[in-house]
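A, B, ... follow the sequence lines: proteins, then strands. Residue 1 opens every chain.
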Amino acid sequence: MAAAALTSQLNALVNNMFAMGLLDDQFQQLQMLQDSTAPDFVSEVVTLFCDDGERIICELSRQLEKPNVDFDRVDSYVHQLKGSSASVGAQKVKNTCIQFREFCQQRSRDGCLKTLDLVRTEFYDLRNKFQAMLQLEQQIQACYPKH
Amino acid sequence: MSTKTVPEPEPHVLAVDDSIVDRTVISRLLRSSKYRVTTVDSGKRALEVLSLDRNVHMIITDYCMPEMTGFDLLKRVKESAELKEIPVVLMSSENSPTRIRRCLEEGAEDFLIKPVRPSDVSRLCNRVIMK
């Protein structure tokens, strides 16, 4: 596929992510930090976010399966996910983490489990879109021969 | 006799954050403002770096970290005769006035709310390093 068509597909995907509320303007701030001195900055941060988020979600599942849930510990993992979501502009995941922390403060296992399901769905939806975005970027780069 | 202008060395910033995502973002923000950056993932590692490298112009640290918090690191720096002149800037995603006041009273130069923006870094450059 020609570079122009791929670029338009990429723009449509990213615009859709903004329109769906998955991303906020922090993601644009990251895009602005990418330049010739750091050409892969966005893909580096997005990949770190996806790996770190997956680790935290697995840890949250493990913590909430325990007979005696340590809600302070759960809260500290949710705080980590909220922080990295805010840093990449993952607005929807960040907002769900805010709700999740309220259930941690209420010591509500049911509330935490329900919000974990929600945050997991939102995170993997975002991750799939980020992966599609990175794939399109790679295809676009491959259209231009390196000098 | 000709004179050559020697370029000023880039200010060296020690960035401390337990989150790899946040470390990567803050490091890029600082580098894009022409700082030389060393990143570490804990207050303990920060103190190790500071014991080896006396040429740190600013410390920017996350507040909420396991074991040694950013506040603990700030106190350790301000209590040290060798390190106390290094400006320390705290960062947190939570806008807690009590926490901010406590850090400023303990000698922090500034307190930034995450996510940190390029405008925050420009402000730091003007206020802290160019002092």
Side-chain angles (χ1 to χ4, degrees), chain A residues 23-56 59 70 72-91 93-95 97-98 100-102 104-105 123 126-127 130, chain B residues 10 13 15-43 60-72 89-96 98-100 111-125:
Chain A
L23 297 177
D24 61 25
D25 69 337
Q26 175 62 17
F27 187 74
Q28 287 170 322
Q29 299 275 337
L30 295 187
Q31 289 177 310
M32 283 190 275
L33 287 169
Q34 180 161 299
D35 60 18
S36 58
T37 64
D40 300 320
F41 174 67
V42 173
S43 79
E44 183 191 359
V45 174
V46 161
T47 305
L48 289 171
F49 167 74
C50 291
D51 293 348
D52 202 42
E54 191 164 25
R55 175 190 67 81
I56 293 170
E59 194 53 56
D70 180 344
D72 290 334
R73 192 157 186 171
V74 172
D75 183 56
S76 122
Y77 284 114
V78 182
H79 175 76
Q80 286 176 34
L81 185 58
K82 176 181 154 262
S84 58
S85 304
S87 293
V88 299
Q91 179 175 242
V93 173
K94 180 192 78 179
N95 289 340
C97 286
I98 293 169
F100 201 151
R101 292 194 75 189
E102 284 172 17
C104 290
Q105 273 153 24
F123 172 79
L126 178 64
R127 193 184 75 160
F130 271 149
Chain B
E10 294 169 330
V13 180
V16 192
D17 204 309
D18 60 320
S19 157
I20 178 124
V21 174
D22 287 0
R23 269 202 312 281
T24 308
V25 173
I26 191 70
S27 163
R28 176 71 198 130
L29 267 170
L30 291 163
R31 287 196 172 108
S32 70
S33 294
K34 309 291 177 215
Y35 292 101
R36 181 162 69 88
V37 187
T38 300
T39 57
V40 289
D41 62 1
S42 68
I60 183 162
T61 178
D62 184 31
Y63 181 92
C64 192
M65 294 187 291
E67 293 175 37
M68 184 185 288
T69 66
F71 183 73
D72 296 333
V89 175
L90 277 291
M91 306 177 282
S92 172
S93 58
E94 279 161 41
N95 191 350
S96 156
T98 313
R99 181 181 285 183
I100 296 170
F111 195 108
L112 304 178
I113 304 300
K114 283 181 171 182
V116 176
R117 303 284 177 128
S119 54
D120 295 323
V121 173
S122 310
R123 185 160 52 91
L124 279 184
C125 183

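- How far CD1 of B:Ile20 is from CD of A:Glu44: 8.0 Å, rounded to the nearest 0.5 Å.
- For residues 23-32 of chain B, every residue pair satisfying the salt bridge (Lys or Arg N to Asp or Glu O under 4.0 Å) rule, not counting sequence neighbours, is listed here: A:Asp35-B:Arg28.
- A:Lys82 has its side chain out of reach of B:Lys114: every pair of non-hydrogen atoms, C-beta onward, lies at least 4.5 Å apart.
- A search for ring pair (Phe, Tyr, Trp, His ring centres under 6.0 Å) contacts involving B:Tyr63 returns nothing, not counting sequence neighbours.
- Not a single salt bridge (charged side-chain N to carboxylate O under 4.0 Å, His left out) links B:Asp18 to another residue, sequence neighbours left out.
- Neither the backbone nor the side chain of B:Ile26 comes within contact range of chain A; no heavy atoms are under 4.5 Å apart.
- Taking both residues in full, the closest heavy atoms of B:Asp22 and A:Gly83 are given as OD1-O, 3.8 Å, listed atom of the first, atom of the second, then distance.
- Side-chain contact check for B:Pro118 versus A:Gln29: some heavy-atom pair is nearer than 4.5 Å.
- Interface remark: B:Ser32 contributes side-chain atoms only to the contact with chain A (heavy atom separation under 4.5 Å).
- Among residues 46-56 of chain A, the residues having any heavy atom closer than 4.5 Å to a heavy atom of chain B are, in sequence order, A:Leu48, A:Phe49, A:Asp52.
- Across all non-hydrogen atoms, the minimal contact from B:Pro115 to A:Ala86 is CG-O, 3.6 Å.
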